[in-house]
Number of protein chains: 2
Amino acid sequence: MQLKKYTDYGLRILMYLGAKEGAQTTDKEQGQLTRIRDICDTFDLSVNHVNKVVHHLGRLNLIETRRGKNGGFLLAKAPGEIRLDFVIRQLEGDEPWIECHNPYCVALPACELNGIVARGKELFYDYLAQFTLNDLLKKQGQLLQIFSTAS
Amino acid sequence: MQLKKYTDYGLRILMYLGAKEGAQTTDKEQGQLTRIRDICDTFDLSVNHVNKVVHHLGRLNLIETRRGKNGGFLLAKAPGEIRLDFVIRQLEGDEPWIECHNPYCVALPACELNGIVARGKELFYDYLAQFTLNDLLKKQGQLLQIFSTAS
DNA sequence: ATTAAAGATGCATTATGGATGTAGGTTATG
DNA sequence: CATAACCTACATCCATAATGCATCTTTAAT
Ligand code: SF4
Ligand code: SF4
């Protein structure tokens, strides 16, 4: 019962982008795009794994990815538009938390448990739905400092 | 992100005991104790795995186990006293749902995410705390029938 | 055009931990 | 003492997450 690192990595990437982009002055020099390598250097992660998460975030339209030289990626929406429940549900996959088929459980027709757990799961996500990427950027300054020094 | 089968097995065992004991007339013939084999026959599970769960439930004082010939186990409390949050927390282990150390995450000092997820987790368990084993026995008759035929 | 730098993609491999198996020990009944 | 039950400590298997590797495609700079 634990979130996958995959999911957390996705959130780290979003936090990284949010902190960085929020700090950029509004002049035309938007700075370089963030690259997979930047994330890996900062958090000391596997390039291949982050690769897949970035790709996934791109397919979810949470970030915009650009191929080719000087490519990279950036947030595709305002941080306030990125809800945590959506991110976690998508990256984690939202299978039921309790598996009654495969193999089939004989108690299923008379079981109250699966419903209770399923509703509890929804409460968890409902709570997450109150937060957006913005809420993860409360300490943006400190994040920026960490990210810049942890290269 | 899924409960362990181990945890579900524990709940099945409790449901089995609850359904069976609730049906017993109050005369002295309490019937035989339930044995690990009975559980395995009913749910088609591994004896070894159920063995461990039963032992665990015993250590938690949710069931009383008796060794030796004619041994077995039975509920140690009334079904209404067995709260689901307790059972699941204990069987599942209540580690944090997101692991920030091991390996250490540089964002930790400025991260808001772990707290949010931790509070969501508590909401999940708070919800489960509203229910007891009794709530899983709503369809006791049907459960009994299933358990008796599924030998 | 050429080259280099970036993500995209598919497959292989490793690591982790849950699930299961084996063997024997301990306890209680009769 | 023999048997039937749970107890305990391992060992092994297996599913899947995590990671690695190779290659392709796209794009920008030169
Ligand atoms: S006991 Fe209930 S929740 Fe558990 S597997 Fe069977 S049907 Fe599903
Ligand atoms: S990003 Fe936040 S939640 Fe995720 S590991 Fe780092 S500190 Fe923990």
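Lettering follows sequence order; numbering is per chain, from 1. What you see below is based on every heavy atom in this structure, not just the backbone, and it leaves out hydrogens, waters and symmetry mates.
- Contact check, Y9(A) against dA17(D): no side-chain N or O comes under 4.0 Å of OP1 or OP2.
- dA5(C) atom C1' lies 12 Å from atom CG of L33(A), rounded to whole Å.
- For the atom pair F124(A) CZ and R89(A) CZ, the distance stands at 10.0 Å (nearest 0.5 Å).
- In this structure, the CG atom of N48(B) is 15 Å from the P atom of dC14(D), given to the nearest Å.
- Close to dG20(D), at under 4.0 Å from its OP1 or OP2, lies a side-chain N or O of S46(A).
- Out of dG18(C), dA18(D), dG7(C), the shortest distance to the side chain of K4(B) is found at dG18(C).
- Using a 4.0 Å heavy-atom criterion, one finds that H55(B) contacts the sugar-phosphate atoms exclusively.
- Remark: H49(B) NE2 to I36(B) CD1 distance equals 12.0 Å, nearest 0.5 Å.
- Taking atom CG of N70(B) as the reference point, atom C1' of dA4(D) lies 8 Å away to the nearest angstrom.
- Residue-to-nucleotide proximity on DNA chain C shows that, of T34(A) and Y6(B), the 5′-proximal contact is made by T34(A).
- Taking 4.0 angstrom as the limit, T65(B) places none of its side-chain polar atoms (N or O) nearer than this to OP1 or OP2 of dA5(D).
- At dA28(C), none of the side-chain N or O atoms of R67(B) fall inside 4.0 Å of OP1 or OP2 (strictly under the cut-off).
- Minimum interatomic distance between E92(A) and Q2(A) (heavy atoms only, all atoms of both residues): OE2-O, 4.0 Å.
- Atom CD in Q2(A) sits roughly 14 Å away from atom P in dT16(C) (whole-Å rounding).
- Rounded to whole Å, the distance from CZ on R66(B) to P on dT26(C) is 22 Å.
- Between N51(A) atom CG and dT23(D) atom P there is a gap of 16 Å when expressed in whole angstrom units.
- Between L45(A) and G68(A), it is L45(A) whose nearest contact on DNA chain D lies nearer the 5' terminus.
- At whole-Å resolution of the value, CD1 in I36(B) and P in dC7(D) are 7 Å apart.
- Looking at every heavy atom in both residues, L143(A) comes nearest to L136(A) through CD1-O, 3.6 Å.
- Between Q32(B) atom CD and dA4(D) atom C1' the separation is 12 Å, expressed in whole Å.
- What you find for P103(A) and K5(B) is that their closest heavy atoms are CD-NZ, 4.1 Å.
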